[in-house]
Every structure is written in structure tokens, then in C-alpha cells.
Amino acid sequence: MKKMKAALMYGPGDIRYEQVERPCCPEGGFLLKVKAVGLCGSDIRNLLTDSKAGRYPHIYGHEIVGEIVEIDENVTKYQRGQMVYVYPMAHCLRCENCRNGKHECCTEAESYTDLQGGLQSI
Ligand SMILES: [Zn+2]
Ligand SMILES: [Zn+2]
């Protein structure tokens with residue numbers, strides 16, 4: 001299995017730069033080489049508190065820009081080499097509120113802190 005580096009959070013203020021398994025290109029998706037990750041106020045708060053309630057290690061960083069380096073052959077909307085910005089929240093984009101441009105009122109939103117973030121690079 002290929003490896004890559006990531007900033008893993010093990011607890012409040014305990015962030016370690018370590019090797020982790022490199023993900024495989026998902027079916028119907030693509031793999032990004034992270035080029036930049038924004039750190040906003042919520043990241044700082046999350047990194048300095050027990051934000052994952054003991055569920056560590058976790059990779060934060062939800063404001064991501066990256067280059068598509070691998071892409072599933074069935075994906076036609078994007079192409080290898082393209083730079084993309086990752087939508088920083090986990091709104092469903094299907095409910096009535098999302099379809100009406102009021103995604104902040106999404107009824108099916110997941111927490112982005114449940115997803116692994118962008119403080120990693122292949
Ligand atoms: Zn943010
Ligand atoms: Zn929604």
C-alpha cells in the first residue's frame with residue numbers, strides 16, 4: 001500500500017505529522033493532490049479542544065484546493081490536472097432548502113468534522 005504524509009490530531013493541541021495509507025481513487029470520483037488548506041476559526045477551536053470527543057486520530061482541514069491526479073474512467077465532468085476547490089461543508093444539496101439556495105438551513109447536513117480533512121498530501 002502506498003503511503004503519504006498527514007497532520008493527525010490525537011487530542012487537544014496534539015498534532016503529529018505522520019505517514020498514513022494513501023487512499024485509492026474512488027469509483028466515480030477522483031484523487032486530489034492537496035495544494036492548499038485554509039485554517040479558519042473553527043479549525044483553530046477544533047484543534048485546541050477535545051473536538052472529536054476522544055475519536056482520534058483525525059485529519060482536520062475543510063477548506064481545500066487541490067489538483068486532480070487520478071480520476072475514475074467513468075468521470076467525464078472533470079479531468080486529470082484540473083485544480084478544484086472542495087465544498088467546505090457537508091450539505092446534502094438535494095433538500096428543498098439546498099435547492100433554493102439556503103443550504104445553511106439544510107435538513108440533511110452532516111458535520112464536516114465527521115469527514116477526514118485536507119491536512120494531508122500524496
Ligand atoms: Zn472554515
Ligand atoms: Zn440540504
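Read the numbers this way: they start at 1 and go in the same order the structure lists the ligands and their atoms.
Around the Zn ion (ligand 1), the protein atoms of type N, O or S that sit closer than 2.8 Å are Cys40 SG, His62 NE2, Glu63 OE2.
Hydrophobic clustering, with ILVMFWY side chains joined whenever heavy atoms are under 4.5 angstrom apart, groups Met4 together with Leu31.
Residue Cys95 counts as close to the Zn ion (ligand 2), with an N, O or S atom under 2.8 Å. Within the coordination shell of the Zn ion (ligand 2), defined by N, O or S atoms under 2.8 Å, Cys98 is present. Taking 2.8 Å as the criterion, Cys105 does not count as a coordinating residue of the Zn ion (ligand 2), since none of its N, O or S atoms falls below it.
Contact annotation: the side chain of Cys106 never approaches that of Asn97 to less than 4.5 Å [non-hydrogen atoms, C-beta and beyond].
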Run the side-chain hydrogen bond (donor to acceptor under 3.5 Å, both in side chains) test on Asp72 and Tyr78 for me, step by step, so that the C-alpha distance in whole Å, both residues' side-chain angles and the decisive distance to 0.1 Å come before the verdict.
CA-CA 10 Å; Asp72 183 274; Tyr78 301 95; over 6 Å; no
Mind running side-chain contact (heavy atoms from CB on, under 4.5 Å) on Met83 and Glu67 for me, showing each step along the way?
CA-CA 4 Å; Met83 293 288 286; Glu67 176 187 350; 3.7 Å; yes
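A distance-only check finds a donor-acceptor pair linking the side chain of Arg80 to the backbone of Val69 [under 3.5 Å]. Remark: side-chain polar atoms of Asn100 are not paired, donor with acceptor, to backbone N or O of Lys102 under 3.5 angstrom.
Between Tyr60 and His58, a ring centre-to-centre spacing shorter than 6.0 Å is recorded.
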